[in-house]
Amino acid sequence: MIPRPRTVALAFLGFVVWAVVALWVVTSNSMLESPPDRERRAGRDGGEQAREAARARTRARETRKHERERARAAEDPEDDGGGGHAPVVGLGGGAVLVALGLVRRTARRRRPRVRVRVLPHRADPLGPDQVEAVLCAWHEALQEAPLRGRLLGAPAIGLELATAPDGEGGAEAALSLVCPAQLLPVLETALVERCPDVRLLPAGWPAPPSHAVRVPPPAPWGAGAAAPARPHARDLLAAMAATGEPAVVHLALTPARAPRRRRGRVMARPAAPAGAGAPFEPIAIAQADAGAPFEPTASDAATATAADFGVMPVHGAEPPASGPVFRTELRVAAGSPRACAAIAGALAAGRPGAETAGPRTRRLRSELGAPGAGRRHPLRSAADLAAVWHAPAGATGAVRVPCSAVPRLPAPARVSRIPEDELLRDERGPVGLAAADRRDGLAAFGAGARAILERCIARDAPDAGRVLVVVCADAGATDRAAALIAPHREAVVVRLDRPATGLNPLATGGEPEALAAAVVDAIAGGLPEPLDDAAARAARQAVAATIAGARAGVLGEQPSLALARRVLEPSGGALRERLARALYTRPRAASLATFAGREVAATLREPAGPDAAALDAARRALAGTRAQAADRLLGCRSQVALDAVADHRAALVLDASGGELGPDDRAALARLALAALPGVLADGAATLVLGGADAIVDARLARELAGLRAGGLELVTGWRYAGLLATPEGRTVALELAAHRCLLGLGGGDAETGAALCAQAAGGALGGRAALVPEAILAMPAGYAVCSWAPGGARRETFVARAVPAGA
């Protein structure tokens, strides 16, 4: 690993300081001077006598020095004669160590730290086993390079367990993580790999309680019969909730290496027999780990039991720890000193309320989330820490641990993340469909589908080369759709129950028989008295004859259901005669001429005949309340210019919500209006956004929409868990209309229908995760969707995203 520049600079600075101190010691040591230097210092200008005297004195000094050294060596052979400069060298080295300690302390305190809330998923609780695995992974992720770790120290983290009164006599608990900001992605990755559905949410730095204490190191948990039991999160939460005020327990952790197991020589000797005075003879000599149970070895000469052996203790060895260990400091914060003492007592004794006053504590003068523990703090294994910090499963008395209802599943790689294609948002940003994948159809099921439909409208409204038709079945959706379209092009709104602007499918192009079949199916579908084949044929023939006569110019007005009804009445003889004469000369309309000129008249002359009942049923269908509402739509003086819609100059919005008509009648009118649009939607690039499809789409319309989608129509549908989806055949039809599916919450739908659809919708891609069972999908919060998309023609992994309204 390449050390960081700051680490290299600090190491170089320490080396320079040490070198300066060592150089000063060497240059200031007079005993290191050579004799010529001392002679020159004695002076050269004196006479020979002075020089001889100086040399004599020098020799005398040298002699006395050597004698002292020999005497010192005889007294202390290990003394090297360094003299009094050893303290100076030690002082310089100590200064370097103090400087490095200050640098290390400052660097640890200036590391930017973040605080995030750990939110477990209700189907995947954060239990002790999971937390232990996570702590082991975090221990490895927090390891630093050897040089940097010794200079600046290992990064520290903090685990918090907080409670606050919920106002209902109980308390709400929360788990939090405090860590260096640059290490948060690494720690989050390690957490998600072991607990896939746990989320980390920004928590900020709330004001801590007024009193904070540092708990002194208790005895090792579970290290012996007299040691306290290991605390458990359930008991600790109960003690915190019993205070009746906000409380926080902070575990400051610094990763440490497991202590080396020291080995001692263990001598095994048999016990002396009673009355015997002979010395003991050794039987076996073995090596044993400190703190580990001793198992004696037997020699060939004798056999002894474990009680006959004595173990030489190894002093200073810490209790052995299995797996990664952390230096741990316990910190408690609450609203009063008494509450702090009670919680500290639960930590020290391993059970709530063990000591009312708690152990002696020290006031915490720094902030609660200060850097982690040092070497003076005890070692705790990952299992010990996991027992204290986790989300208890099941009931925890009056303490409630909130859990997330949304599984954590980001979108796969093939899904578009371009902001212009955005339909939803997951943890990594926008999620959408590329232009090449939109023709496969998109379906949104459940509550919140409206937001996805609005995103599609806002995405396609600026495209001036695209036909856009929107059908709204929810109150308020029409005005919202028109507002999204208005900045880019004209929005023509047709209200089906109170039409100020009409839409007449009978006046559009296409084969009269096909148009008539679509109109009659829309009007007669879902009636209390369904039409039999003979009555449906009579109604279709009457409507087709009216359409063909209007095109021939013999009616003098636009075709309508009222004119078709007159064709079947006894008083409509003159109309039938005109239609027969006009259509007889047209080869493709000969059957219609025969129906209007002969068949109807023959049936009317025999009221008791077998065809009279079918004719009466056809007349009642074309004269009912639904047909009258359809005539108001078809006969409105102001009609939608379908040519403008086809030329992409306007967008058509059909309002199928509200009004005096029932839901079945509104759905029938919506199907009637859609019967006028196949020619428009099949013309180039087109998008049909269909809200409330569960009430509007029937088998015939589904087949027609499937044909249009195969021709290039981009179909976006919104469904409730009701209507067509109540039957297996209807669910199959709905799923075949869209390869991209979004499953949202239940809302006002039927739970059984929703569960059956969720089990079928993802095409087997839900997997075996408990967070993706149908019941969990239907219970997700509003706006969240489980998506099963097939970009590129192949179904990808299921993901979870949030539906965001357009403009948000």
Side-chain angles (χ1 to χ4, degrees), residues 1 3-4 6-7 10 100-118 131-132 134-162 175-191 200 202-206 208 212-218 248-259 318 321 323-333 347 362 364-386 388-390:
M1 181 181 295
R4 299 181 182 178
R6 188 175 64 179
T7 304
L10 292 175
L100 292 179
L102 293 176
V103 170
R104 176 173 179 166
R105 181 181 179 87
T106 304
R108 293 184 63 181
R109 288 190 172 273
R110 289 187 177 180
R111 282 173 177 163
R113 289 169 286 127
V114 294
R115 182 174 179 270
V116 292
R117 181 179 178 183
V118 181
V131 173
E132 182 179 358
V134 170
L135 288 176
C136 293
W138 284 355
H139 186 278
E140 183 178 356
L142 292 173
Q143 297 297 327
E144 288 279 9
L147 180 59
R148 178 179 174 83
R150 293 187 179 278
L151 288 177
L152 304 182
I157 62 175
L159 304 180
E160 290 185 359
L161 194 63
L175 284 76
S176 300
L177 168 67
V178 180
C179 66
Q182 70 273 13
L183 292 179
L184 180 60
V186 179
L187 301 182
E188 184 176 8
T189 301
L191 175 65
L200 296 184
W205 296 94
V213 298
R214 179 181 288 111
V215 182
V248 179
V249 172
H250 183 96
L251 307 177
L253 308 180
T254 300
R257 291 181 174 86
E318 301 195 35
V325 292
F326 294 85
R327 295 284 179 184
T328 307
E329 182 182 13
L330 305 178
R331 303 166 184 171
V332 176
L347 277 174
R362 291 183 298 166
L364 186 64
R365 300 185 180 276
S366 59
E367 67 272 15
L368 191 65
R375 290 185 174 274
R376 68 181 184 278
H377 295 97
L379 293 174
R380 300 293 185 200
S381 66
D384 290 339
L385 299 173
V388 178
W389 189 84
H390 69 269

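Throughout, residue positions are numbered sequentially from 1 according to the sequence presented.
Of all the heavy atoms in P155 and L183, the pair that sits closest is CB-CD1, 3.7 Å. What you find for A256 and R327 is that their closest heavy atoms are CB-CG, 4.0 Å. In plain terms, the two heavy atoms of W389 and L251 that are nearest each other are CB-CD1, 4.3 Å.
Taking CG from L187 and CD1 from I157, the interatomic distance works out to 6.5 Å, rounded to the nearest 0.5 Å. Separating the CG atom in L330 from the NE2 atom in H250 is a distance of 10.0 Å, to the nearest 0.5 Å. For the atom pair CG (L175) and CD (E160), the distance works out to 10.0 Å, reported to the nearest 0.5 Å. Distance check: H390 NE2 to L161 CG gives 9.0 Å after rounding to the nearest 0.5 Å. D384 CG to E132 CD: the interatomic distance, rounded to the nearest 0.5 Å, is 9.0 Å.
Between L159 and the options V249, V178, L135, V118, a side chain to side chain contact (heavy atoms under 4.5 Å, CB included) holds for only L135. Paired with W138 under the rule side chain to side chain contact (heavy atoms under 4.5 Å, CB included), one option of V186, L191, L253 passes, and it is L191.
Panel note: side chain Q143, backbone H139; a donor-acceptor pair is recorded below 3.5 Å.
Considering only residues two or more places apart in sequence or on other chains, E188 meets the side chain to side chain donor-acceptor pair (under 3.5 Å) condition with R408.
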